[in-house]
*Asks:* 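The structure is given below, and queries will be raised subsequently.
Chain letters run A, B, ... following the sequence lines, proteins first and then strands; every chain starts at 1. These numbers were taken from a predicted model, which means no experiment stands behind them.
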Amino acid sequence: MSDTVKEHLDFLRTIVDEDLKSGKYASVATRFPPEPNGYLHVGHAKSICLNFGIAKQFGGTCNLRFDDTNPSKEEQEYVDSIQADVNWLGFSWDDRMYFASDYFEKLYEFAEMLIQRGLAYVDDQTAEQIREARGTLTEPGIDSPYRNRSVDENLELFRRMRAGDFPDGARVLRAKIDMSSPNIVMRDPTLYRIRHAHHHRTGDAWCIYPMYDFTHCISDALEHITHSICTLEFENNRELYDWVLDNLPVPSRPRQYEFARLNLTYVVVSKRRLIQLVSEGHVTGWDDPRMPTIQGLRRRGFTPESIRLFAERIGVARAANTVEIEMLEACLREDLNDRAPRALAVLRPVKVVITNYPEDQEEIFECPNHTEKPELGTRQIPFSRELYIEQDDFREVPPKGYHRLSPGKEVRLRHAYYVTCTDVLKDPETGDVTEIRCTYDPATRGGWSNDGRKVKGTIHWVSAKHAAWAEVRLYDRLFTKPDPMAVEEGKDFKDYVNPNALEVLPNCPVEQSLAQATPEQFFQFERLGYFVADRRDHGPDRLVFNRSVGLRDSWAKQEKKGA
RNA sequence: UGGGGAGUCGCCAAGUUGGUUAAGGCACGGGGUUUUGGUCCCCGCAUUCGAGGGUUCGAGUCCUUCCUCCCCAGCCA
């Protein structure tokens, strides 16, 4: 395998590949370590695809591990949703689901060991005092007055901390490293804090909780992780990661590697900011289709395949990056173009009457679900004298290059007949087109004639009397600016939320067969885009489709250029 | 003005230890095919690798100086 995939190994896969070849490890072990304090977003998807992807590619394993060391922020709801999201993305941790909280007892023992080795001490200073003594980026910190307590005293105090003898914030356990280290992380970092709080898994068993830096590396070692992959902000923490493991008798020696987190244009990819959008009501929830959460993307109609393709396309490196949202959209189109059944749906209807078509006549056309993929089968579409077409597909005064319907012009009704516009009826008050009259050519049944006639335009339609009616939700980008975090003076990123990111069309005529759609089933509405039956609101009694992404529209581009 | 990182086409991103004309994708522009102005297929798109010096027959790849950007001062992760 190493030889066949040699071509495009990113820097992490290159490291793994070399470690395997050199025999440093018999197999790779990675882990995806979310904190269960929020929903997963597309940035996590990148990490999931990386960690599970590497394990899969090199025949190793990837654990799912919840980093639940902070009882005041974590909830069961999140551990459930995270599992669902990872599964939905197509990855499996088999029986290897772990919780950092499962290691609390071991972690505690390791902490006592550090104390015994003279490498940790209990500090009685307040948070405020500790902060002040830490120094600054350019000045060293100063030692805590409690730094040189005896091992026995430290042990006794730490045990009493565990026993609940002290209130929150009264004391902490600190590593005894170097208050003048140029790396602030190494200035006697806090290892344990007192928190009389209920933990979602350990309940009230503990009132002291270990910090991330102490917990993460040891958890990795206990699980025999070989490559502990995290984002660049943890680069400074690597020195501490190594310090802890080098000073404790851990069962294995993992290494930490960092990669650049994902940024995307027109959205924010940060749990904290996503929470604000939800709690302040800018969106309807974590799974709002405008949200870049996994739940949001899923409800929007993104497929696991498209997200995995995206992760593969953007690659992995160490340079700061902001990927254009168009890249994500292109991945969805690429995936769905091959697999989405086509259907006819009209978003903004205008009535068409075919005057030479018998009033009581009806026909059924057997239409392919995908012109290029006959294996996707066919469905029946009824045709009759009165139809709906898209308002956009008719212009009383056609612009140059327009080859849709206009007075005197002939177009093809997809899969049906050629029709020619003979008349236009308008509202005398508003001037709006209320009805278009056409004649059809019976010899063009199926949408084709052998007389060499050239009909450039093909438009979609829905038989008025046979239409099913659906609510269609048109989504657009969440923010109006590519980088909503680049705020002007006195503003905040929420000021750039796109007020038009959602447009609801409550009553759209769609072809009959769509009434059978099931939640999360995707379609291409021909000439419009990819749509998905809403996961929550769609049902046989209320059809609701979300636009996942529009089709490329070179006519719109051309028309815009001309304007 | 401490430490740790990063700078290759508008956006991602390859570029193994220096050796012809600097991958690929997205975006963009042009053309062809087409019963979706979709798809598909062609073609174009960095004499240049943050900038300046230097080493070398030869440098994106080595040395050097400088510039810019990101991360770190939670008892968050």
*Asks:* Of A:Arg342, A:Glu511, A:Glu390, which is the lone residue that meets side-chain hydrogen bond (donor to acceptor under 3.5 Å, both in side chains) with A:His460?
*Replies:*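 Answer to the side-chain hydrogen bond (donor to acceptor under 3.5 Å, both in side chains) test with A:His460 among A:Arg342, A:Glu511, A:Glu390: A:Glu390.
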
*Asks:* In whole Å, what separates the C1' atom of B:G18 from that of B:C57?
*Replies:* 12 Å

*Asks:* A:Thr458 side chain N/O closer than 4.0 Å to the phosphate oxygens (OP1, OP2) of B:U34?
*Replies:*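 Answer no for this pair, as no side-chain N or O of A:Thr458 is under 4.0 Å from OP1 or OP2.
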
*Asks:* Rounding to the closest angstrom, what is the interatomic distance between B:G74 and B:C63 at atom P?
*Replies:* 37 Å

*Asks:* Regarding B:G25, can its base be found pairing with the side chain of A:Glu324 as donor and acceptor, where the two atoms are less than 3.5 Å apart?
*Replies:*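 No pair found.
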
*Asks:* For B:G37, does the base pair up with any side-chain atom of A:Arg404 as donor and acceptor (N or O, under 3.5 Å, distance only)?
*Replies:* yes

*Asks:* What nucleotide among B:G3, B:U36, B:G74 has an atom nearest to a side-chain atom of A:Arg131?
*Replies:* B:G74

*Asks:* Measure the distance from CE on A:Met485 to C1' on B:C70 and round it to the nearest whole Å.
*Replies:* 15 Å

*Asks:* Can you tell me how far P of B:G25 sits from CD of A:Glu326, to the nearest Å?
*Replies:*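 In whole Å, B:G25 P lies 17 Å from A:Glu326 CD.
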
*Asks:* Does a side-chain N or O from A:Lys557 land closer than 4.0 Å to OP1 or OP2 of B:C28, or not?
*Replies:* yes

*Asks:* Looking at A:Arg552, I'd like to know whether one of its side-chain N or O atoms comes within less than 4.0 Å of OP1 or OP2 on B:U36.
*Replies:*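 Checking A:Arg552 against B:U36: no side-chain N or O falls below 4.0 Å of OP1 or OP2.
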
*Asks:* Both A:Gly401 and A:Leu232 contact RNA chain B. Taking the nearest nucleotide for each, which residue is further toward the 5' end?
*Replies:* A:Leu232

*Asks:* Across the strands shown, which category fits A:Gln125 at heavy-atom distances under 4.0 angstrom: base, sugar-phosphate, nothing?
*Replies:* base

*Asks:* Stacking between A:Trp555 and B:G37, defined as ring centres under 5.5 angstrom apart with planes under 30°, is that present or not?
*Replies:*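 According to the criterion (under 5.5 Å, under 30°), yes, A:Trp555 stacks.
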
*Asks:* Quick one: label A:Tyr209 by what it contacts on the DNA or RNA (base, sugar-phosphate, nothing), any heavy atom closer than 4.0 Å.
*Replies:* nothing

*Asks:* Considering only the P atoms, how many Å lie between B:G30 and B:C45, rounded to the nearest integer?
*Replies:* 15 Å

*Asks:* Send over the distance from A:Glu128 CD to B:G74 C1', rounded to a whole Å.
*Replies:*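 Atom CD in A:Glu128 sits about 13 Å away from atom C1' in B:G74.
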
*Asks:* For A:Tyr39 and A:Glu77, test the side chains for any donor-to-acceptor distance below 3.5 angstrom and give the result as yes or no.
*Replies:*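 There is such a pair (donor and acceptor under 3.5 Å, judged by atom type) between the side chains of A:Tyr39 and A:Glu77.
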
*Asks:* Would you measure the distance from the C1' atom in B:G5 across to the matching atom in B:G37 and give it in whole Å?
*Replies:* 47 Å

*Asks:* Have a look at B:G38 and give me syn or anti from its glycosidic angle (syn if within 90° of zero).
*Replies:*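 That one's anti.
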
*Asks:* How would you label the contact of A:His216 with the nucleic acid (heavy atoms, under 4.0 Å): base, sugar-phosphate, or nothing?
*Replies:* nothing

*Asks:* Regarding A:Ile314, tell me which of base, sugar-phosphate or nothing describes its non-hydrogen contacts under 4.0 Å with the strands shown.
*Replies:* sugar-phosphate

*Asks:* What's the closest nucleotide to the side chain of A:Ile130 if the choices are B:A77, B:C75, B:A73?
*Replies:*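 It is B:C75.
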
*Asks:* Could you work out which one of B:C72, B:G38, B:A27 sits closest to the side chain of A:Asn236?
*Replies:* B:C72

*Asks:* Under 4.0 Å between any heavy atoms, over every strand shown, what does A:Tyr192 touch: base, sugar-phosphate, or nothing? Just pick one.
*Replies:* nothing

*Asks:* Looking only at side-chain atoms of A:Ile184, point me to the closest of B:C12, B:A27, B:A73.
*Replies:* B:A73

*Asks:* Checking A:Thr458 against A:His403 for the side-chain contact (heavy atoms from CB on, under 4.5 Å) test, could you report, in this order, the C-alpha distance in whole Å, the side-chain angles of both residues, the deciding distance, and whether it holds?
*Replies:* CA-CA 9 Å; A:Thr458 298; A:His403 42 252; over 6 Å; no

*Asks:* Could you check how far CD of A:Glu334 sits from C1' of B:C40, rounded to whole Å?
*Replies:*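 Interatomic distance, CD of A:Glu334 to C1' of B:C40: 12 Å.
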
*Asks:* With side-chain contact (heavy atoms from CB on, under 4.5 Å) as the criterion, how do A:Arg261 and A:Glu233 come out once you've worked through the C-alpha distance, each side chain's angles and the decisive distance to 0.1 Å?
*Replies:* CA-CA 9 Å; A:Arg261 68 186 307 153; A:Glu233 343 43 295; 2.9 Å; yes

*Asks:* Does A:Val172 reach a base, just sugar-phosphate, or nothing at all? Heavy atoms under 4.0 Å.
*Replies:*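 Answer is base: heavy atoms of A:Val172 come under 4.0 Å of a base.
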
*Asks:* For B:C12 versus B:A23, give the span between their C1' atoms, rounded off to a whole number of Å.
*Replies:*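 Rounded to whole Å, the distance is 14 Å.
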
*Asks:* At under 4.0 Å between heavy atoms, what does A:Thr322 touch on the DNA or RNA strands: base, sugar-phosphate, or nothing?
*Replies:* sugar-phosphate

*Asks:* Quick check for you: among B:G38, B:A77, B:C26, whose closest atom lies nearest to any side-chain atom of A:Asn337?
*Replies:*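 Shortest atom-to-atom distance from the side chain points to B:G38.
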
*Asks:* More 5' along RNA chain B: A:Gly457 or A:Thr14, using each one's nearest nucleotide?
*Replies:* A:Thr14

*Asks:* Measuring only the P atom in each nucleotide, how far is B:U68 from B:A77? A whole number of Å is fine.
*Replies:*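 Looking at atom P only, B:U68 and B:A77 are 35 Å apart.
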
*Asks:* Among B:C12, B:A77, B:U36, which nucleotide has an atom closest to any side-chain atom of A:Glu526?
*Replies:*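 My answer, after comparing the listed nucleotides, is B:U36.
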
*Asks:* With a 4.0 Å cut-off on heavy atoms, is A:Ala127 in touch with a base, just the backbone sugar-phosphate, or nothing at all?
*Replies:*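 Base, at least one base atom sits under 4.0 Å.
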
*Asks:* Checking all strands, does A:Arg174 fall into the base, sugar-phosphate, or nothing category for heavy-atom contacts under 4.0 angstrom?
*Replies:*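 The residue A:Arg174 makes no contact with any strand.
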
*Asks:* Check every strand shown and say whether A:Thr126 touches a base, only sugar-phosphate, or nothing at a heavy-atom separation below 4.0 Å.
*Replies:* base

*Asks:* As a test of reading the structure: which of B:G5, B:G37, B:G3 is closest to the side chain of A:Ser554, going by heavy atoms?
*Replies:*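 Given the options B:G5, B:G37, B:G3, the side chain of A:Ser554 is closest to B:G37.
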
*Asks:* Any donor and acceptor pair, going by atom type alone, linking the side chain of A:Asn51 with main-chain N or O of A:Phe32 inside 3.5 Å?
*Replies:* no

*Asks:* Any side-chain to backbone donor/acceptor pair from A:Asp188 onto A:Arg174? Under 3.5 Å, distance only.
*Replies:* no

*Asks:* How is A:Glu35 classified with respect to the nucleic acid when contacts are heavy atoms under 4.0 Å: base, sugar-phosphate, or nothing?
*Replies:* sugar-phosphate

*Asks:* When rounded to the nearest Å, what value does the distance between C1' atoms of B:U56 and B:G10 take?
*Replies:* 35 Å

*Asks:* Between B:A73, B:C76, B:G2, which one does the side chain of A:Arg134 approach most closely?
*Replies:*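 When the side chain of A:Arg134 is considered, B:A73 is the closest of B:A73, B:C76, B:G2.
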
*Asks:* Which part of the nucleic acid does A:Thr136 contact within heavy-atom distance under 4.0 Å: base, sugar-phosphate only, or nothing?
*Replies:*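 Base, at least one base heavy atom under 4.0 Å.
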
*Asks:* Do the side chain of A:Asp168 and the main chain of A:His196 share a donor and acceptor less than 3.5 angstrom apart?
*Replies:*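 The answer is yes, because a donor-acceptor pair under 3.5 Å joins these two groups.
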
*Asks:* Picking from B:U39, B:C26, B:U36, which would you name as closest to the side chain of A:Gln524?
*Replies:* B:U36

*Asks:* Nearest to the side chain of A:Met211 - B:A77, B:G38, B:G10?
*Replies:* B:A77

*Asks:* Cation over ring, A:Arg171 on A:Phe166, under 6.0 Å and within 45°?
*Replies:* yes

*Asks:* If we take the P atom in both B:U21 and B:C26, what is their distance in whole Å?
*Replies:*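 Taking atom P in both B:U21 and B:C26, they lie 27 Å apart.
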
*Asks:* For a quick check of understanding: with a heavy-atom distance under 4.0 Å over all strands, which category does A:Arg412 fall into, base, sugar-phosphate or nothing?
*Replies:* base

*Asks:* Taking any heavy-atom pair under 4.0 Å as a contact, classify A:His403: base, sugar-phosphate, or nothing.
*Replies:* base

*Asks:* Would the distance check show the side chain of A:Thr202 and the main-chain N or O of A:His199 forming a donor-acceptor pair, the cut-off being under 3.5 Å?
*Replies:*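 A pair under 3.5 Å: no.
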
